[in-house]
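Indexing begins at 1, ligand by ligand and atom by atom, following the structure's order.
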Amino acid sequence: GANVATVPQGKTLKDYQEVYNDIAAKIEENLDYDGGAGFYGQLVRLAWHSSGTYDKNTKTGGSYYGTMIFYPEASDGANNGLANGRDFLYEFAVKYPWISRGDLWTLGGVVAVQESGGPKIPWRPGRVDSYEKKDIPENGNLPDASQDGKYVRNYFKRLGFGDREIVALLGAHCLGKCHPENSGYDGPWGPSFNMFTNDFFVRLLGSWHVRQWDGEKQYEDDETNSFMMLPTDIALKEESYFLKYVKLYAADQDLFFADFSKAFATLLELGIEYPRGTKPFLFKTVEEQE
Ligand code: HEM
Ligand SMILES: Nc1cccc2nccn12
């Protein structure tokens, strides 16, 4: 049957806020990780890759079963490096044995966005761990960075997202960096990679050229030759149906935040059915609780 959200007995917002606060504290203790990027980008990517395997046509994949620890998903090249995010969160799976992997991994993404200055992300618990082969999505369901705008549009159609949501979601590339050992692409992308802002869109509208190097085809900025964009990033300004939203978000960070919040919340819940009237949690940031 459908993947129905099943909340652990008696757990409420208070319990999940405690997990949120533990994850936030550990992020704070590791700000110098990955050359100063911290864990923000890593945790957002873990939440996204846990969810982005969803296929609306076959109703498979998505974050519900927490299957990324299993073969073949764990060895999908697109997930290279994400064991760092899973290992970072593992101590909380032990400390809070009632939380599922899918809930923990998606919650980690919510903490990373909110604690790096991004918008509040409404979040609902109830994902259930699976140990069955039938619940593990096949590899190849995550996107290829070497492609063009038509590919990007078609890819996200499988997840049920339109042009505006696609551009909003890609704004998460304001966090973190590329790692040649993971993807063959080489960061850093911009002056800051541990703050959630609309800077990705502002920089994207600048001028870029193909980098001359022996690695994957990627772009570097004309001004300093020291920052990067992926082909699929540049694709957002090559297609008019994307470019109009890149300009919208570059000009209005609040609008980007509002649209990202909705699209990211939807992404994390792809394939999951919630009992009618299940209200999302809105977590307080650490700052709001001081
Ligand atoms: C066309 C779709 C996308 C493509 C092709 C793509 C590709 C990539 C690649 C190649 C990396 C570098 C990985 C590494 O070398 O470690 C990366 C990093 C990242 N991606 Fe995407 N991505 C896409 C969409 C998204 C979405 C929808 C989100 C979240 C909403 C996202 C969030 C991130 C983050 C936060 C990082 C930094 C990870 C880190 O610092 O370890 N990406 N992406
Ligand atoms: N941070 C980051 C990760 C992956 C791709 C990308 N493009 C621009 C920035 N960026």
Side-chain angles (χ1 to χ4, degrees), residues 33-54 63 76-86 88 106 108-110 112-113 116 118-119 121 141-159 161 165-197 199-204 206 208 211 215-221 227-237 239 242 246 256 259-268 270:
Y33 173 73
D34 198 12
F39 272 92
Y40 302 103
Q42 173 72 213
L43 293 174
V44 169
R45 188 161 205 238
L46 174 60
W48 137 235
H49 275 206
S50 312
S51 311
T53 54
Y54 183 64
S63 64
D76 186 335
N79 288 330
N80 283 351
L82 290 178
N84 295 313
R86 296 195 303 272
F88 174 94
T106 54
V110 171
V113 170
S116 58
I121 310 292
N141 278 10
L142 294 166
D144 171 358
S146 68
Q147 302 293 318
D148 66 4
K150 290 169 189 59
Y151 165 89
V152 172
R153 196 185 216 189
N154 188 53
Y155 171 82
F156 280 100
K157 206 187 289 290
R158 198 201 74 219
L159 301 180
F161 287 121
E165 294 165 305
I166 293 168
V167 177
L169 284 169
L170 262 299
H173 278 174
C174 64
L175 293 176
K177 58 198 283 242
C178 293
H179 310 81
E181 69 275 18
N182 290 346
S183 62
Y185 296 99
D186 183 36
W189 75 276
S192 125
F193 44 22
N194 58 4
M195 289 188 331
F196 199 97
T197 66
D199 203 29
F200 168 77
F201 300 112
V202 174
R203 302 192 57 77
L204 188 57
W208 299 82
R211 176 178 172 182
E216 296 289 329
K217 177 186 176 185
Q218 64 179 65
Y219 293 76
E220 68 186 5
D221 63 312
F227 299 127
M228 66 79 65
M229 286 285 173
L230 298 168
T232 44
D233 296 321
I234 297 293
L236 299 183
K237 56 193 271 189
E239 304 295 342
F242 287 145
V246 172
F256 163 53
D259 287 0
F260 180 84
S261 174
K262 284 192 204 75
F264 194 55
T266 302
L267 172 68
L268 271 34
L270 288 177

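For the pair L175 and ligand 2, the shortest N or O to N or O distance falls below 3.5 Å. Residue-to-ligand polar distances place K177 within reach of ligand 1: an N/O pair is separated by less than 3.5 Å. In terms of polar-atom proximity, D144 is not counted as a contact of ligand 1, lacking any N or O under 3.5 Å from an N or O of the ligand.
Those atoms of ligand 2 with a heavy atom of G176 less than 4.0 angstrom away are 1 (N). Against a heavy-atom cut-off of under 4.0 Å, L230 is close to the following atoms of ligand 2: 5 (C).
Residue-ligand proximity: F200 is placed with a non-hydrogen atom under 4.0 Å from ligand 2.
In this pair, W48 and F156 present their aromatic rings parallel. The plane angle is below 30°, not in the 30 to 60° band.
Taking a cut-off of 2.8 Å, the protein N, O or S atoms nearer than that to atom 21 (Fe) of ligand 1 are H173 NE2.
Nearest to atom 6 (C) of ligand 2 by heavy-atom distance, out of I234, D233, V44, is D233. Scanning D34, L169, N79 for the heavy atom closest to atom 30 (C) of ligand 1 points to L169.
Salt bridge K150/E239: present, at least one basic N to carboxylate O contact under 4.0 Å.
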Just list the side-chain donor-acceptor pairs under 3.5 Å for residues 33-46, sequence neighbours left out, or say none.
unit_1: D34; atom_1: OD1; unit_2: K177; atom_2: NZ; d: 3.3
unit_1: D34; atom_1: OD1; unit_2: H179; atom_2: NE2; d: 3.1
unit_1: D34; atom_1: OD2; unit_2: H179; atom_2: NE2; d: 2.7
unit_1: Q42; atom_1: OE1; unit_2: G85; atom_2: N; d: 3.0
unit_1: R45; atom_1: NH2; unit_2: H49; atom_2: NE2; d: 3.4

